[in-house]
Q: 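Submitted below is the structure of interest, expressed as C-alpha coordinates.
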Amino acid sequence: MESPLRLIADITMGISPKGSSYNREKLGLPLLNGPTEFGKVFPNCTLYTNSSIKECMKGDLIFCVRA
(Lines give C-alpha, C1' and ligand atoms only; values in the text may rest on other atoms or scores of the structure.)
Protein backbone atom coordinates (compact mmCIF):
# COMPACT_ATOMS: atom_id res chain seq x y z
CA MET A 1 0.00 0.00 0.00
CA GLU A 2 1.37 3.40 -0.98
CA SER A 3 1.40 6.36 1.40
CA PRO A 4 1.84 10.03 0.60
CA LEU A 5 5.35 11.15 1.54
CA ARG A 6 3.96 13.71 3.98
CA LEU A 7 2.53 10.87 6.09
CA ILE A 8 5.86 9.08 6.56
CA ALA A 9 8.36 11.98 6.59
CA ASP A 10 8.76 15.54 7.80
CA ILE A 11 9.04 17.84 4.80
CA THR A 12 10.64 21.24 5.24
CA MET A 13 11.03 23.69 2.37
CA GLY A 14 14.27 25.62 2.31
CA ILE A 15 14.78 29.33 1.87
CA SER A 16 17.83 31.20 0.61
CA PRO A 17 19.53 33.79 2.79
CA LYS A 18 20.33 37.24 1.41
CA GLY A 19 23.03 37.23 -1.27
CA SER A 20 25.08 39.68 0.79
CA SER A 21 25.77 36.86 3.28
CA TYR A 22 27.38 34.58 0.64
CA ASN A 23 31.13 34.01 0.64
CA ARG A 24 33.76 31.63 -0.76
CA GLU A 25 36.05 31.91 2.28
CA LYS A 26 34.20 29.12 4.13
CA LEU A 27 32.81 31.56 6.72
CA GLY A 28 29.67 30.12 8.28
CA LEU A 29 27.81 27.11 6.90
CA PRO A 30 27.84 25.56 3.42
CA LEU A 31 25.11 26.96 1.19
CA LEU A 32 23.25 24.42 -0.91
CA ASN A 33 21.41 26.74 -3.22
CA GLY A 34 20.90 24.85 -6.45
CA PRO A 35 21.79 21.92 -8.68
CA THR A 36 25.46 22.89 -9.10
CA GLU A 37 26.14 22.16 -5.41
CA PHE A 38 24.70 18.64 -5.57
CA GLY A 39 27.17 15.85 -6.39
CA LYS A 40 26.29 12.22 -7.12
CA VAL A 41 26.44 11.27 -3.42
CA PHE A 42 27.58 14.30 -1.40
CA PRO A 43 27.25 18.06 -1.89
CA ASN A 44 30.10 19.95 -3.55
CA CYS A 45 29.98 23.21 -1.62
CA THR A 46 31.51 26.30 -3.20
CA LEU A 47 29.46 28.95 -1.41
CA TYR A 48 28.98 29.56 2.30
CA THR A 49 26.71 31.84 4.31
CA ASN A 50 27.10 33.47 7.69
CA SER A 51 23.34 34.02 7.87
CA SER A 52 21.66 30.62 7.56
CA ILE A 53 17.88 30.50 7.73
CA LYS A 54 17.18 26.75 7.40
CA GLU A 55 19.63 24.00 8.34
CA CYS A 56 19.62 20.27 7.70
CA MET A 57 20.71 17.66 10.21
CA LYS A 58 22.90 14.59 9.85
CA GLY A 59 20.87 11.86 8.15
CA ASP A 60 18.49 14.25 6.37
CA LEU A 61 17.73 13.77 2.69
CA ILE A 62 18.10 16.92 0.61
CA PHE A 63 16.36 17.44 -2.71
CA CYS A 64 16.93 20.29 -5.12
CA VAL A 65 13.84 21.63 -6.84
CA ARG A 66 15.66 24.22 -8.96
CA ALA A 67 16.54 23.70 -12.60
Q: Indicate yes or no: at least one non-hydrogen side-chain atom of F38 is less than 4.5 angstrom from one of P43.
A: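 Of all side-chain heavy-atom pairs linking P43 with F38, none is under 4.5 Å.
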Q: Less than 4.5 Å apart, any side-chain heavy atom of C45 and any of L32?
A: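 They are in contact (side-chain heavy atoms under 4.5 Å apart), so the answer is yes.
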Q: Looking at CD1 of I8 and OG of S3, how far apart are the two atoms once the value is rounded to the nearest 0.5 Å?
A: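 Going from CD1 on I8 over to OG on S3, the span is 6.0 Å.
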Q: Restricting to non-hydrogen atoms, name the atom on E37 and the atom on T46 that form the minimum distance, rounded to 0.1 Å.
A: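 Where E37 meets T46 most closely, the heavy atoms are OE2-OG1, 4.3 Å.
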Q: Give me the atom names and distance for the closest heavy-atom approach of M13 to K54.
A: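 That would be O-NZ, 3.0 Å.
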Q: Any idea which heavy atoms bring P17 and I53 closest together, and the distance?
A: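 Where P17 meets I53 most closely, the heavy atoms are CA-CD1, 3.5 Å.
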Q: First locate atom CG of L31, then atom CG of N50, and finally report the distance between them rounded to the nearest 0.5 Å.
A: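 CG of N50 is found 10.5 Å from CG of L31.
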Q: In this structure, are over 12 heavy atoms from other groups packed under 6.0 Å from D60 atom CG?
A: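 Count over threshold, so yes.
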Q: Could you pull out all residues at least two apart from N44 that satisfy side chain to side chain contact (heavy atoms under 4.5 Å, CB included)?
A: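 Not a single residue meets the side chain to side chain contact (heavy atoms under 4.5 Å, CB included) criterion with N44.
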Q: Mind checking side chain to side chain contact (heavy atoms under 4.5 Å, CB included) for S52 and listing every partner two or more places apart, or none if nothing turns up?
A: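 Here the qualifying residues are L29, T49, E55.
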Q: Could you list the residues that satisfy side chain to side chain contact (heavy atoms under 4.5 Å, CB included) with L61, not counting sequence neighbours?
A: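 Only F63 meet the side chain to side chain contact (heavy atoms under 4.5 Å, CB included) criterion with L61.
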Q: Can you see which heavy atom on S16 is nearest to which on Y22, and at what distance?
A: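 Nearest heavy atoms, S16 then Y22: CB-OH, 3.9 Å.
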